[in-house]
Amino acid sequence: MTRRLVIAIDGPSGSGKSSTSKGVAQRLGLAYLDTGAMYRAVTCAFLDAGVDPSDADKVVAATVGADLEISTDPADQWVRVNGEDVTQRIREQEVSAKVSAVSTLPACRANLVERQRAIIDAAPDGIVAEGRDITTVVAPDADLRVLLTADPEVRMARRNLDLGGDVDKAILTDQVLRRDRDDSTLVNFTTAADGVVHLDGTYLTLPETIDAIVELVQGR
Ligand code: DC
């Protein structure tokens, strides 16, 4: 019997960590967890409840009370919150602009980290989990931990392509640079912690990035 394998991948917005993590999971026959989708889904929940993003107590209550279900199939990603399928909605600009209201509150993070650990533990063959604090907080004991980075111009260009290829510069700056700045107040995802492999994907294609991580797994 082969051992369960847990791979943790962190990185800033637009570093390519979602596509890379999904590709690695598919290549190795593992589950996949997009933790950013969980932060985004609870953002939908507090918006639906009419909560003001600056009302921390209510944002925490909406997070803790959220009925959250997320797919761990890398080939079929969906997420539901309080019974609503928000798979498409979590990528909309309104959610991207407000998600830091959740990710900058320690009590929200603690609740989501607990849910993420339960999902990781439940994956029978193992999982690739990606986000901002997976290598350091959620799964510091993972078999392989990678920090995937890329230069800011490349990350903004990739986010532009993700969003259809014709996005206003101000929106891209907000979605990539402003959000990273806000999110990095509680979590460090710009320098690799001890034991975390730093992979700079600025000049790598997606298949090359996936290959690099699969090679790291095979080398362990
Ligand atoms: O990776 P993403 O853009 O979908 O993440 C959405 C937001 O959630 C982003 O603002 C950072 C935050 N996040 C986080 O703080 N910790 C994680 N493990 C994953 C995402």
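For ligands, and for the atoms within them, numbers begin at 1 and follow the listed sequence. Count residues from 1 along the sequence. Only heavy atoms go into these numbers, but all of them, side chains included; no hydrogens, no water, no symmetry mates.
The residues Asp182 and Arg178 are annotated as salt-bridged, a charged nitrogen and a carboxylate oxygen being separated by less than 4.0 angstrom. Look at Asp143 and Arg220 and you find no salt bridge, because none of the NZ, NE, NH1 or NH2 atoms lies under 4.0 Å from a carboxylate O.
Set against the non-hydrogen atoms of Ser103, the atoms of ligand 1 under 4.0 Å away are 12 (C), 15 (O). Residue contact check: Lys17 has heavy atoms under 4.0 Å from atoms 1 (O) of ligand 1.
For the residue pair Ser71 and Asp73, no side-chain donor N or O sits within less than 3.5 Å of a side-chain acceptor on the partner. For the residue pair Glu130 / Ser18, a side-chain donor-acceptor distance below 3.5 Å is found, with atom types taken as modelled.
The shortest side-chain heavy-atom distance between Asp162 and Arg159 falls under the 4.5 Å cut-off. Between Arg27 and Asp211 the shortest side-chain heavy-atom distance falls below 4.5 Å. In this structure, the side chains of Ile90 and Cys44 come closer than 4.5 Å at one or more pairs of heavy atoms. Gln26 has its side chain out of reach of Tyr32: every pair of non-hydrogen atoms, C-beta onward, lies at least 4.5 Å apart.
Residue Met38 places no heavy atom under 4.0 Å from ligand 1. Within the 4.0 Å heavy-atom shell around ligand 1 one finds Asp183. Using a 4.0 angstrom heavy-atom cutoff, Arg109 counts as in contact with ligand 1.
Nearest protein heavy-atom contact of atom 5 (O) of ligand 1 is Gly36 CA, 3.5 Å. At the shortest separation from atom 18 (N) of ligand 1 among protein heavy atoms lies Asp133 OD1, 2.8 Å. Shortest contact from atom 8 (O) of ligand 1 to any protein heavy atom: Tyr39 CB, 3.4 Å.
Below 3.5 Å of separation, one finds an N or O of Thr35 facing an N or O of ligand 1.
Between Asp34 and the options Arg40, Arg91, Lys22, a salt bridge (charged side-chain N to carboxylate O under 4.0 Å, His left out) holds for only Arg91.
Counting heavy atoms under 4.0 Å from ligand 1, residue Arg179 touches it through the side chain alone. At a heavy-atom cutoff of 4.0 Å, ligand 1 is contacted by the side chain of Arg40 but not by its backbone. Contacts between Glu130 and ligand 1, counted as non-hydrogen atom pairs separated by less than 4.0 Å, are absent for every part of the residue.
When Arg159, Arg132, Gln175, Arg178 are checked for heavy-atom proximity to atom 14 (C) of ligand 1, Arg132 turns out nearest.
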